[in-house]
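Contents: one structure, followed by commentary.
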Amino acid sequence: MTDTPQKPKWFQTTAIDYPNSRPHIGTAFEKLGADVQARYRRMEGFDVFFLMGTDENTLKVADRAKEQGLDPQTYCNDMAKQFRAVWDALDISYDTFIQTSHERHKQCCRKFVQKVYDNGHIYKGSYEGWYCPGCEEFKSDKVHAENAGNCPNHKRPLVRRAEPCWFFRLSSFQDRLLKHLKENPEFVQPESRRNEMIGFIEAEGLQDLNISRHGEQWGIPLPFDPEFTIYVWFDALLTYITGIGYGDDEATFRKHWPCDTHFIGKDITRFHTHIWPAMLWAAGEEAPRQVFSHGFVYVRNEESGTVEKISKSLGNIIDPMQVIGACSADAFRYFFLRECPFPSDGEFGWGRFAEVYNSELANNLGNLFSREMTLTWKNFNGVFDGTAGKVPESVVPGLDLAQFVCDVRGHVEACRYNLALQEVVQKFLTPTNQYLEANAPWKLVKTDKDAAKRVLFNATQSLRVASILLKPFIPKSAEAIYTSFNFPTPWAEVKYADAAELKAQPDDLRVTATVVDGKVAPLFPRIG
RNA sequence: CGCGGCGUGGAGCAGCCCGGUCAGCUCGCCAGGCUCAUAACCUGGAGGUCGUAGGUUCAAAUCCUACCGCCGCAACCA
């Protein structure tokens, strides 16, 4: 069985970020959620391609570069490097990282826009709105109304202004889109967002979209009218396809598209579920299979006890590196995945972070690992003689292991990561600690050494099962646990199915970890 | 009539879609136990009429209606 016929493909993306400032824990939350899915799918035998990137062709980016006395490209390259450093530190397993300022992206973008133009879905019109000469940009009607006709920044009256521009015929896709949304419940997740998106079209309908900007230096010129640059959506969204070869590597593009899941923040759901499919249809391509719109992370202000939105003006931005530095990447990952329900909102607070870390990682999982290791080492020199070919017994009374793994799997696939972790901890790890307590191998070893050996042999299986299930969540720690024993399946090849049954292994079970004075180093040292 | 989310023991949450076996989990508190382990682990306990009022039902935290309270929906920002 050396050939792997027809591995199913799995293409997923995160939103691409504005590199105006460094990533914060909210940005990281999205990447984490996506990463768990990517890691899980790889484990399950999918041919995964995981795309991330930065959205650089914006005015704000050009401004930021100017502030720092850099040309935009240098600035963008530097920021991209910083972003990747953070994602690497968090063990985000992306396969490619797209910068929209790169020539390849630009070329592919132009091809796409040209195609849509050729297909008759783009026309020249005029945009009229409230314009601030000070900001040199249009303001929404809402801003106009709320500020009594003045610019909130310049405190001067907004003027009515019309400007030529290019429109995308979004409105002509309205019926098809509504049908698509209604007939494909999986298309927008979670369900509440899907209802919102359907409701929006039914209530307000879709209007044509201005896709151009006039007189900008930084950006991609429209191929059929170079006076204009392509405005955000026909540029940023396209990373999802230019990153897999659209326009210059047909075979690769066909292999990956359509996208299996776009992970995005709830604020940009509409762009991904209304505009994006329409754009693709206009170019003769398929819509993505799913858009997963996740919640936001808020920050608990430990002094006031209030929960705040992450914002520069409140000064509560937390750099992921701060949290990783204070503990570890796995601790960071665990906290957000366990504590913040991915589909809805969550919050971060240092106090709660320490609490979750200590109770579940240090006291529960970490300590379980330590006690099993030490008991095994001290009493059996790290080897369970005569266990080769023996099938371990279940340590959790009444638990149907196969069903349990099936439940966890269901949660992971639905991105209910908090529930998946909750299951593992409550239905598996805690009962294993109880099993040890009830059977007290440290006592048993004095009267019936074989019985004590059996107890530990069984309990060790819990570490095997748990580490497999936790692999997508805390990859490094899970590996450390698993590879501390000579479990037969190589770590790189384990699947969730391996966790679903207790099997005999060819060799006597033994400890392979580094042990000093009968002890292993704590996996998750408690934090104060 | 804008849209959406939330309201469960002291704190933070799960359960609600598919009504009964649900009042559960973590932290904190009290009392025990244990000593293999990261001052950890285990057992027991106090503490909640599941926002309020109605309704459906043999049965509701779970479904329906109304109401009350809190939060998000301009910008930096996912």
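Within the cation-pi definition used here (under 6.0 Å to the ring centroid, within 45° of the axis), K31(A) does not qualify as a partner of F263(A). Cation-pi geometry between R333(A) and F473(A) is not met at under 6.0 angstrom from the ring centre and within 45 degrees of the axis.
With distances taken from any side-chain atom of L523(A) to the nucleotides C34(B), U38(B), C76(B), the minimum falls on U38(B). With distances taken from any side-chain atom of V297(A) to the nucleotides A78(B), C36(B), U38(B), the minimum falls on A78(B). Considering only the side chain of S370(A), U38(B) comes nearest among U38(B), C36(B), C77(B). Looking at the side chain of S311(A), the nearest of the listed nucleotides C76(B), C42(B), U35(B) is C76(B). Closest to the E437(A) side chain, of the nucleotides C36(B), C76(B), A78(B), is C36(B). Which of A14(B), C36(B), C41(B) sits closest to the side chain of P341(A) comes down to A14(B).
Using Watson-Crick or G-U wobble geometry with both donor-acceptor distances under 3.5 Å, A59(B) finds no partner in any strand shown. Under the Watson-Crick or G-U wobble criterion, with both distances below 3.5 Å, U35(B) is left unpaired in every strand shown. Within the shown strands, nothing qualifies as a pairing partner of C76(B) under the Watson-Crick or G-U definition with both distances less than 3.5 Å. Nucleotide A11(B) forms a Watson-Crick or G-U wobble pair with U26(B), both donor-acceptor distances falling under 3.5 Å. Base pairing analysis places U65(B) opposite A53(B); the two distances defining the Watson-Crick or G-U wobble pair are each below 3.5 Å. Remark: G48(B) base-pairs with no nucleotide; criterion is Watson-Crick or G-U wobble with both hydrogen-bond distances under 3.5 Å. Across all strands shown, C16(B) has no partner, as no Watson-Crick or G-U wobble contact with both distances under 3.5 Å is found.
Nearest-nucleotide positions on RNA chain B for R300(A) and N358(A) put R300(A) closer to the 5' end. Residue whose closest nucleotide on RNA chain B sits further toward the 5' end, between L419(A) and Q426(A): L419(A).
For the pair K309(A) and C71(B), the criterion of a side-chain N or O lying under 4.0 Å from OP1 or OP2 is not met. Neither OP1 nor OP2 of C13(B) sits under 4.0 Å from any side-chain N or O of N418(A). A close approach under 4.0 Å does occur between a side-chain nitrogen or oxygen of Q434(A) and OP1 or OP2 of U43(B). Of the side-chain N and O atoms in N363(A), one or more sit less than 4.0 angstrom from OP1 or OP2 of C41(B). The phosphate of A78(B) has neither OP1 nor OP2 within less than 4.0 Å of any side-chain N or O from K266(A).
Under the 30°/60° scheme for interplanar angles, the aromatic rings of Y240(A) and H272(A) are found to be tilted. Ring geometry, F369(A) versus F485(A): the interplanar angle exceeds 60°, so the pair is classed perpendicular (tilted spans 30 to 60°).
In this entry the distance linking CZ of F353(A) with C1' of G12(B) reads 16 Å, nearest Å.
A15(A) comes within 4.0 angstrom of no nucleic acid atom, judged by non-hydrogen atoms across all strands.
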Q: Apply side-chain contact (heavy atoms from CB on, under 4.5 Å) to the pair I25(A) and V299(A), showing each step before the final yes or no.
A: CA-CA 9 Å; I25(A) 53 175; V299(A) 171; 4.2 Å; yes

